[in-house]
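See structure below.
The model shown is predicted, which means the values in this text are computed figures rather than measured ones. Residue numbers count from 1 along this sequence. Each ligand, and each atom within it, is numbered from 1 in the order the structure gives.
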Amino acid sequence: MFPRSRSVLWLLAVLAFPAHAETFTLAPLPYAYDALAPVIGADTMQIHHGRHHQAYVDNLNKAVAAEPGLANRSLEELIGNLATVPESQRNAVRNNAGGHWNHTFFWASMTAPSASGAPTPELMAAIERDFGSFDAFKTAFNTAGTSRFGSGWVWLIADADGRLKVISTPNQDNPLMDVAPERGTPLLGNDVWEHAYYLNYQNRRADYLVAWWNVVNWSTVSARFAALKP
Ligand code: MN
């Protein structure tokens, strides 16, 4: 009897204090699943957030649990220092920490079409300084998005000197990663994986990129720009 009740206590202790705490969690979307319709429909948002983003979070937790040295690193520490991640988990962390960071940033970059607004005068001035015009910036962004072969992201970044640039990264890479050929602070990013647009646009990525401007949350993008260090 005694050993048996001891093993029950042990089991309860294991359940109460799991060996690997859930390090990363999926936050709810900051708006309803149908808030971005008709630009992005509720079914796309549900699958994209609830399945794709959830899978990045789950796989990131598995990768972090597999290497004790990774336990207390923040998401930014992980993606900015992939060279220090043990090789056994480096690709898993690159793909899944990248996927988690990118999607969290992406959801916050969008809002209902009726609320999308416009860049602040300060951000608009920087866009005009570095791209010539707002339309030229959007064209550069759309071109980078359509010409990304396979899956990836297109970004508006500020480089170390505060210059704005449009770049594109493959897979779930982003401009904060130490492995990125061009680094900078992301101000805006669009997901050009097929899962982001296929139900609404099928293979017409270019149409998705054009329509997507209607859901860009310019107050969030402008706040990111204002937060840049001078
Ligand atoms: Mn995605």
Side-chain angles (χ1 to χ4, degrees), residues 23-64 75-76 78-80 82 91-113 116 141-157 166-177 179-180 184-217 220-221 224:
T23 310
F24 298 101
T25 54
L26 179 64
L29 276 183
Y31 33 71
Y33 283 121
D34 63 357
L36 309 184
V39 176
I40 306 175
D43 45 2
T44 294
M45 292 300 289
Q46 249 159 348
I47 293 168
H48 200 174
H49 177 265
R51 297 199 208 160
H52 291 282
H53 190 172
Q54 183 71 62
Y56 298 123
V57 171
D58 293 345
N59 289 326
L60 173 59
N61 283 327
K62 279 182 207 153
V64 168
L75 196 52
E76 285 75 14
L78 286 169
I79 62 177
L82 290 166
N91 278 336
V93 170
R94 180 175 182 167
N95 291 331
N96 295 294
H100 183 28
W101 193 96
N102 292 348
H103 286 84
T104 304
F105 184 83
F106 180 58
W107 310 134
S109 300
M110 299 187 289
T111 188
S116 57
F141 195 97
N142 291 352
T143 300
T146 49
S147 53
R148 162 55 50 197
F149 182 75
S151 298
W153 290 75
V154 54
W155 307 93
L156 172 67
I157 64 166
V166 165
I167 64 158
S168 166
T169 55
N171 305 314
Q172 294 296 348
D173 284 3
N174 72 42
L176 296 172
M177 289 181 172
V179 295
T185 304
L187 302 176
L188 178 64
N190 195 2
D191 186 346
V192 297
W193 285 58
E194 280 188 351
H195 66 226
Y197 61 85
Y198 203 83
L199 296 180
N200 294 105
Y201 300 88
Q202 290 79 49
N203 61 328
R204 301 187 307 276
R205 186 191 290 180
D207 291 355
Y208 160 69
L209 282 157
V210 169
W212 183 74
W213 293 107
N214 292 305
V215 293
V216 171
N217 187 335
T220 294
V221 179
R224 290 169 180 158

Lys/Arg cation over aromatic Phe105: Arg224, 6.0 Å, 45° cone: yes

Geometric class of the Trp155/Trp101 ring pair [parallel <30°, tilted 30-60°, perpendicular >60°]: tilted

Within-2.8 Å protein N/O/S contacts of the Mn ion (ligand 1): His48 NE2, His103 NE2, Asp191 OD2, His195 NE2

Flag, side chain of Asn217 to backbone of Ser116, donor-acceptor distance under 3.5 Å: no

Main-chain N/O of Val154 paired to Arg148 side chain as donor or acceptor, under 3.5 Å: no

Residue pair Phe141, Trp213: steps toward the ring-ring contact (aromatic ring centres under 6.0 Å, His included) verdict: CA-CA 10 Å; Phe141 195 97; Trp213 293 107; 5.0 Å; yes

Backbone N/O of Val192 and side chain of Arg205: donor-acceptor pair under 3.5 Å: yes

